[in-house]
Amino acid sequence: MKNLVILVSGSGTNLQRIIDTIDNGEISDARISMVVADRECYGLERAKKHNIENVLIPRGKNFSSELAETIPANTDLIVLAGFLSILKPEFCEKWNGKIINIHPALLPKFGGKGMWGHHVHNAVIEAKEKQSGATVHFVTSGIDEGEAILQKSFEITEDDTPETVAEKVHLIEYEIFPKAINKVLNNIPI
Ligand code: GRF
């Protein structure tokens, strides 16, 4: 049984999807051993509702070192599911190959510092992109620069707004995130 630690900052719909797909077997032979939030958020409430061990480590300069002390040593994969703090390089190096993130765009486009949430979707619409999508990738010390594990796109229509793009991206995330987690846990080549 593989142990996942999930990091959240927001509503945690991707966390919910991970909980549900572990339950229905889409993600096989895994459990969430802990949810860590860097602020009060609904993601933390979801963990409580499902009786998953949950910890709040306030965001700030000591976050990565406190996280390093909090994460169980037997953790197989750390999953950033709508997590907004930047992890320190030493932390990323220690857990190299064992941290993944979901990004709401087609990396390497629309990634990097400041590119999160609505900022991404605003930028995509402003740039008149023909497509958007989501990317699951390994986390390295370079923001949004780690190797992609799974990516899926959709066509943007003339009627799309940042809000409708956000909704469509979320649906894609729910589809590819469990698949990517399963892939990494079972060492399936990317
Ligand atoms: C997702 O769009 C994810 O790509 C981004 O933050 C959002 C989190 O949504 N990193 P939720 O909290 O899982 O609903």
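Quick caveat: nothing in here was measured; it's all calculated off a predicted structure. All ligand and atom numbering here is 1-based and tracks the order in the structure.
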Check whether more than 12 heavy atoms from other residues, nucleotides or ligands sit under 6.0 Å from atom NZ of Lys48, and answer yes or no.
yes

Does Gly117 come within less than 4.0 angstrom of ligand 1, counting non-hydrogen atoms of the residue?
no

Report the residue from Val169, Val136, Leu80 that forms a side chain to side chain contact (heavy atoms under 4.5 Å, CB included) with Ile102.
Val136

Salt bridge (Lys or Arg N to Asp or Glu O under 4.0 Å) pairs, two or more places apart, involving residues 100-112:
Lys109-Glu129

Check if Gly12 has a non-hydrogen atom at a distance under 4.0 Å from any atom of ligand 1.
yes

Verify the ring-centre separation between Phe91 and Phe63: is it less than 6.0 angstrom?
no

Tell me, which protein residue and heavy-atom name are nearest atom 4 (O) of ligand 1, and how many Å apart are they?
Glu173 OE2, 2.3 Å

Give yes or no for whether the N/O distance cutoff of 3.5 Å, strictly under, is met between Asn101 and ligand 1.
no

Where is the nearest protein heavy atom to atom 9 (O) of ligand 1: which residue, which atom, and how far?
His170 NE2, 3.1 Å

Pro104 heavy atoms, cut-off 4.0 Å: which ligand 1 atoms fall inside?
2 (O), 4 (O)

Name the closest protein heavy atom to atom 8 (C) of ligand 1, giving the residue it belongs to and the distance to 0.1 Å.
Gly82 CA, 3.5 Å

Which residue and heavy atom of the protein sit nearest atom 10 (N) of ligand 1, plus the separation:
Ile102 O, 3.1 Å

Taking 4.0 angstrom as the limit and counting only heavy atoms of Thr13, give me the atoms of ligand 1 inside it, by number and element.
11 (P), 12 (O), 13 (O), 14 (O)

Sub-3.5 Å N/O-N/O distance, Leu15 and ligand 1
no

